[in-house]
Amino acid sequence: MIKTYCIRSIFFFAIALAFIACSEKKKEHIPMPNTDLSKISVIPKPLKTVPTNSAFALDQFTAIYTSKNATGFEEVGTFLAEKLKSKTNLSIPVNTEGNNTVERVIYLNQSDSTELASPEAYQLYINQDSIIINANTSEGAFRGIQTLRQLVPIESNDTLAPQQIWPVPSGKIFDNPNFAYRGSMLDVARHFFSVEDVKKYIDILSYYKINVLHLHLSDDQGWRIEIKSWPKLTEVGGSTEVGGESGGFYTQEDYKEIVRYATERYMTIIPEIDMPGHTNAASVSYPFLNGNGKTPELYEGMHVGFSTFDTHKDTVYAFIDDVVREISALTPGPYFHVGGDESHVTKKSDYIYFINKVEKIVQKHGKRMIGWDEVAIADVDSTSISQWWASEENAKKAVEKGMKVILSPAKKAYLDMEYDTLSKFGLHWAAYIPVDTAYVWSPEEYGIPVENILGVEAPLWSETISNIDELEYLAFPRIIGYSELSWSIPANRNWEDYKVRLADQAPFLDRMDIKYYPSPLIDWKKSDFTYETIKKD
Ligand code: TNX
């Protein structure tokens, strides 16, 4: 059944099974309903699913074991135990030795199988008495447990057993992401969102295997991250937001906490400082930065393209060096996003000069530069990355330069576009994007050679949303579709099939208190879950 095991793994798995064998309690064979693994709604759709039409009985006699000395595996096991606890109220032990009540195991195994095609690949084997997840890395194991979480039914099943049982349908899943970069962007500049809000968003995104959160940390209306060497950025530039509300910013400790929380979920945080345009808040804080000669004032409107840094002053580059240095030191991920969009009042030659210089600063601090598609008009390196949002011409230029491209076409992937004319929030300058339009397009056939595509990212601009409920209304359910567009292969993507699986997400989204937009295109599954149900049992 399992082709390749390293000796060490077999050894520890044997120990796990020995716990069961030594168990004083006689193993009960509980008659399980015939559940078909291929009928369970998993998003994003795994590469390959093979049902074997029986089930694993998840119950109080289940334990989790992980490969010993395999970095991160035990933490992933603990994460799974916590999530299963909040779903089922079961307290499942992790790597507890001498536990003689164990009848069934979930085993997270570090495998060196060559069939695991990338660090995020995993194999999931569900048998009657064991569930095994094989992965090369703890990241792969983490992706695997997200699939497993989706296979655990929300309610326990009536069986002849005295204890509650959550039947997990048996079979095998082989999985590997189509694109390595599966992202979402959150604009915390137009409206500020608290650390708690961002964490809630990260937690749900990671359930759908999204592995990048790009934070748009500065814009004309606000500067949102503490820079110790330039304190007025947040004291002054962080005080406003769109519509005259009160603004806010992350201290460096706050930002570290977001990074920590994301890292625990195998998600990379990408910080963006947008420049040379979209810089009014910075220039109000330190007017020497401003290149337009006017005395800037705090801005709470929604216009774009009116601000620019002075691209010829050395002091401006010294400032940028400090900002990139401080933020890079707090950011373990490999990328730094420099914005570069809509610099309508920067002369083209100045813009090119600026991006060339800033790219070098980013590289000096050990990061790879990402910029909105306009940056490809500068003399950028092939190691830098272009994020296509508006201009196909710019995206093609990036390809000519050998750059990787992140696909975020506004017409298809902008989470701030209204669903339709009845939408409560959002804009519609690019398009109306109902839930089907968001899903029914193919990144592979969007005009960029597949080898140049790093992945897909769905940006959520926040001019029209000011709290987490409004954020969720625009992001959900569309972001779930973008996760499938970037994880699953084209042959596994189909709207008719997807819309049924999406409908089945309702109980989970309700349980997580996500205020998703109940699109009439989806026949949402009714959910009668309440936390009281769990407590009562
Ligand atoms: C364009 S997308 C922008 C943002 C706005 C957004 C609103 C991009 C790189 N620039 O500044 O917030 O449209 O949809």
Side-chain angles (χ1 to χ4, degrees), residues 183-193 212 214-224 240-243 245 270-282 299-309 335-346 351 354-355 358 369-378 380 384-395 397-398 405-419 423-433 437-438 456-466 470-471 473-475 478-479 482:
S184 176
M185 187 212 81
L186 181 61
D187 172 7
V188 295
R190 270 53 174 273
H191 279 99
F192 182 65
F193 293 89
V212 170
H214 161 187
L215 289 174
H216 183 76
L217 291 166
S218 70
D219 213 302
D220 292 318
Q221 299 87 346
W223 183 284
R224 306 296 179 210
T240 44
E241 57 186 8
V242 166
E245 290 158 90
I270 301 184
E272 178 188 348
I273 296 298
D274 200 352
M275 49 195 167
H278 291 272
T279 45
N280 188 73
Y299 182 67
E300 295 169 340
M302 281 172 49
H303 290 301
V304 295
F306 60 87
S307 57
T308 184
F309 279 165
Y335 308 111
F336 193 102
H337 201 306
V338 302
D341 57 315
E342 298 173 319
S343 286
H344 301 325
V345 294
T346 320
Y351 178 85
F354 179 86
I355 296 295
V358 169
M369 184 181 85
I370 307 181
W372 296 107
D373 61 46
E374 290 95 322
V375 297
I377 66 172
V380 280
S384 293
I385 296 156
S386 155
Q387 184 165 9
W388 177 8
W389 67 283
S391 162
E392 181 161 4
E393 196 189 325
N394 288 339
K397 267 195 197 120
V405 177
I406 297 165
L407 293 187
S408 303
K411 280 185 237 157
K412 293 286 180 191
Y414 263 30
L415 289 169
D416 67 318
M417 290 300 118
E418 293 169 345
Y419 292 95
S423 276
K424 288 197 273 174
F425 309 101
L427 303 169
H428 57 260
W429 64 263
Y432 289 104
I433 309 186
T437 305
V456 180
E457 179 180 301
L460 179 46
W461 301 99
S462 63
E463 288 94 330
T464 66
I465 53 171
S466 60
E470 296 168 5
L471 180 165
Y473 173 91
L474 285 178
R478 287 180 292 195
I479 188 68
Y482 299 124

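Read the numbers this way: they start at 1 and go in the same order the structure lists the ligands and their atoms. Quick note: residue numbers are just sequence positions, from 1.
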[X] versus [Y], closest heavy-atom pair with distance:
X	Y	result
A413	Y482	CA-OH, 3.4 Å
L474	D416	CD1-CA, 4.0 Å
Y351	T346	N-CG2, 3.9 Å
S423	Y419	OG-N, 2.7 Å

Identify the closest protein heavy atom to [atom]: which residue and atom is it, and at what distance?
atom	value
atom 3 (C) of ligand 1	E342 OE1, 3.4 Å
atom 2 (S) of ligand 1	Y414 OH, 2.4 Å
atom 11 (O) of ligand 1	R190 NH2, 2.9 Å
atom 10 (N) of ligand 1	D341 OD2, 2.9 Å

Review point. Should Q387 be listed as contacting ligand 1, given a heavy-atom distance under 4.0 Å as the test?
Key: no

If the cut-off is 4.0 Å to any non-hydrogen atom of [X], which atoms of ligand 1 fall inside it?
X	answer
L427	7 (C), 14 (O)
D416	7 (C), 14 (O)
M417	14 (O)
H278	11 (O)

Got an N/O contact under 3.5 Å between [X] and ligand 1?
X	result
D219	no
E463	yes
W389	no
W429	yes

Revision key, fill the gap. From the list D219, N280, D220, side-chain hydrogen bond (donor to acceptor under 3.5 Å, both in side chains) partner of S307 resolves to D220

Exercise for review: Please report the C-alpha distance between E272 and W372 in whole Å, then the side-chain angles of each, then the deciding distance to 0.1 Å, and finally whether the side chain to side chain donor-acceptor pair (under 3.5 Å) criterion is met.
Suggested key: CA-CA 10 Å; E272 178 188 348; W372 296 107; 3.0 Å; yes

Review point. Is it the case that E374 and W389 place a side-chain donor and acceptor less than 3.5 Å from each other?
Key: yes

Check your understanding: Can you tell me if S408 and Q387 form a side-chain donor-acceptor pair at under 3.5 Å?
Key -> yes

**Study point:** Whether F425 and Y473 hold their rings parallel, tilted or perpendicular, with breakpoints at 30° and 60°
**Key:** perpendicular

**Study point:** Region of D187 that comes within reach of ligand 1 [heavy atoms, distance under 4.0 Å]
**Key:** neither

